There are 2 protein chains.
Amino acid sequence: MRARLALALLAFSLSLGSAPARADQEPAALGGAPAPMATHWITLGTMGGPIPSAERSQPANLLLRGPAAFLVDCGDGAVERLTGAHVRLEQVRGVVLSHLHFDHTAGLAAVLGLRFQTNVTQPLTIYGPPGTKALVAGLLAAMEPAVEAGYGLPGARTILPGDSVSVVELSDGATFRLGDIAVTARQNTHYSFQPGSAADARFKSLAFRFEAPGRTIVYTGDTGPSPAVEELAKGADLLVSEMIDVARTLANVQANTPNASADALTGIEEHLARHHLTPEQVGHLAQRAGVRALVVTHVVAPRASAGDRLGYLGRISRIYPGPTVIANDLDQF
Amino acid sequence: MRARLALALLAFSLSLGSAPARADQEPAALGGAPAPMATHWITLGTMGGPIPSAERSQPANLLLRGPAAFLVDCGDGAVERLTGAHVRLEQVRGVVLSHLHFDHTAGLAAVLGLRFQTNVTQPLTIYGPPGTKALVAGLLAAMEPAVEAGYGLPGARTILPGDSVSVVELSDGATFRLGDIAVTARQNTHYSFQPGSAADARFKSLAFRFEAPGRTIVYTGDTGPSPAVEELAKGADLLVSEMIDVARTLANVQANTPNASADALTGIEEHLARHHLTPEQVGHLAQRAGVRALVVTHVVAPRASAGDRLGYLGRISRIYPGPTVIANDLDQF
């Protein structure tokens, strides 16, 4: 027990950095009065698609509201990117999952595991589509042997990680709160199960509108063109959207798999076009929703250069003239 | 089904890079005869301890034998580091876990999840201490909703990820093979449960000796001083060892938690000294085992500078005079 307490202190001390600007500290306003809480969005991981990249981490984002942090999707590498954003695990009060593809969820094992190993027992709520309860239950079950062993010290008290974790499953139109942020979830078109079918009821991919005092941010998740997402994004201060380069992706397939049949290529194109957004479709979404600014992330454009990215911005800007950036990992908006 | 096949092709094509030197390609010998298979060790993640770092990834390594790859520990970020090492998931034939602390295992969710999403169905064997079966069973259970939903295409065939994954639990002295590499596992001293106790039987932390044709590599895992590890490392070509800087870590604790009691600080020191290796203890291990070269990884030395690392090398070299490096992420030996 003494050793466990000691480790908690150790963990806390190791997580303190000396960087001048830190996401867990609000700047003091002139005159010493506390500044109003700021709302920021950090793109922790900006890679799109399941194939890992050495340069861009898997899809993950952080919604910051004062000292509180909320992960929005949580791909592999998210806890390391959190450190890069100067945010400690104990600041993370919630996780919001857009859908259960593993590039968006595989980092959750590390969040739960390292919470346990650094003695973070503050409540964590995980919001996500149907299936999120099974996901979290499996991860907690996977942790059992290591939880019981602890740090290998006889007689140490066991803290059960499940005691501080709860799950809320969301359907189309669900609303919930993250502190003083009002959140609305809408089903998008990343899956194309028949509306009303059993599969459609069980498997949902979601977009989110986060309404904080003074700032509204909308996150598309992974989606194809969707009137529901357009409606959700109406008038947002910031739209954070996915994007794909279908032509580049298809050219890659043709170059590297020369034996692929024409049928297979047609199938790929159909899938990519239905479940993701081209630059033009991103532009239409932002323009129709009338958002004030656009951040493009989840960029499915393997080995795109800065010049290629400029090309995407050109295609978007012909439709949506507002300020637009293609995010890099750890960009803060 | 067609779309799923197409996605498999897509995944394959996206994972092909254009880097000149790739771990999955053996250089041709002079005269066109195939070169003998090389054996390499890549330190994918060199951070020590559970606190994530923005600069060093969580503990993970790769043992390469020709085109076959074996993960040795698998912390968060491992799949991204795999891409950095130009190794595709389908090359990974096995995972070897030294112990179940989450900084060493939390990346396994991404390995299993992204195997599924990129249609890698090649058999994968996961070796680890008792508890590894429960770990993998939990991770596979966590995957079920996303596996069933697939890519959201009605009628697509479901590939069950568990069908291609098997687990082998290891105890002290266990031997097994990874292709033509003979592996021996020995229990180390990262846990200090009473020998012969029920906890000691259930929870083991392991070190490994990998004997490939022409090259023997020994990996300590996390350990304190251990005669068993010294014996295991005898005459190895390469010893890959953990290391901690106790004084630096304690100074950090004292600076950042000024209210910590003397008792708590004594407890910390006792724990760190028993379950990890100081630079001097690393030197003694390498010297007594008579290894030909030493790679230090899992460096528990928060914010150590290059000069600090030179200091560690000095402390090691006073005891072990052989070639020694403190590894960085993606170093290949």
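Everything numeric in this text was worked out from a predicted model, so none of it was measured. All chains are named by letter (A, B, ...) in the order of the sequence lines, taking the proteins before the strands, and each is independently numbered beginning at 1.
Within the 4.5 angstrom heavy-atom criterion, only backbone atoms of B:Ser53 (N, CA, C, O) approach chain A. Interface residue B:Met143: backbone and side-chain heavy atoms are both found under 4.5 Å from chain A. For a residue to count as touching a neighbouring chain, one of its non-hydrogen atoms must lie under 4.5 Å from one of that chain's; by this rule B:Glu148 touches chain A with backbone and side chain alike. Of the two parts of A:Glu144, neither the backbone nor the side chain holds a non-hydrogen atom closer than 4.5 Å to a non-hydrogen atom of chain B.
Closest approach of A:Tyr191 and B:Gly150 over heavy atoms only: CE2-O, 4.2 Å. Across A:Pro145 and B:Phe203, no two heavy atoms sit closer than the pair O-CE2, 3.4 Å. Of all non-hydrogen atoms in B:Cys74 and B:Val111, the two that sit nearest each other are SG-CG2, 3.8 Å.
Highest contact tally toward chain B, considering only A:Pro52, A:Ala146, A:Ala106, is held by A:Pro52 [criterion: heavy-atom pairs under 4.5 Å]. The greatest number of non-hydrogen atom pairs below 4.5 Å with chain A, out of B:Ser57, B:Ala78, B:Ala199, is found for B:Ser57. When each of B:His190, B:Arg202, B:Arg56, B:Arg274 is scored by its heavy-atom pairs under 4.5 Å with chain A, the top score falls to B:Arg202. Heavy-atom pairs under 4.5 Å with chain B peak, among A:Ser192, A:Ser197, A:Ser205, at A:Ser192.
Identified by a heavy-atom distance below 4.5 Å to chain A, the contributing residues of residues 129-136 of chain B are B:Gly131, B:Ala134, B:Leu135, in residue-number order.
Ring geometry, B:Phe116 versus A:Phe102: the interplanar angle exceeds 60°, so the pair is classed perpendicular (tilted spans 30 to 60°).
Proximity of a side-chain donor or acceptor of A:Asn188 to a complementary backbone N or O of A:Asp222 within less than 3.5 Å is detected. The closest donor-acceptor contact from the side chain of A:Gln194 to the backbone of A:Asp200 lies at 3.5 Å or more, if one exists at all. Checking side-chain atoms of B:Thr223 against main-chain N and O of B:Thr189 turns up a donor-acceptor pair under 3.5 Å. A:Asp76 places no side-chain N or O within donor-acceptor distance of the main-chain N or O of A:Gly107, the cut-off being under 3.5 Å. No donor-acceptor pair closer than 3.5 Å links the side chain of A:Gln58 to the backbone N or O of A:Gly45.
Counting only heavy atoms from C-beta outward, the side chains of B:Val300 and B:Asp245 never approach each other to under 4.5 Å.
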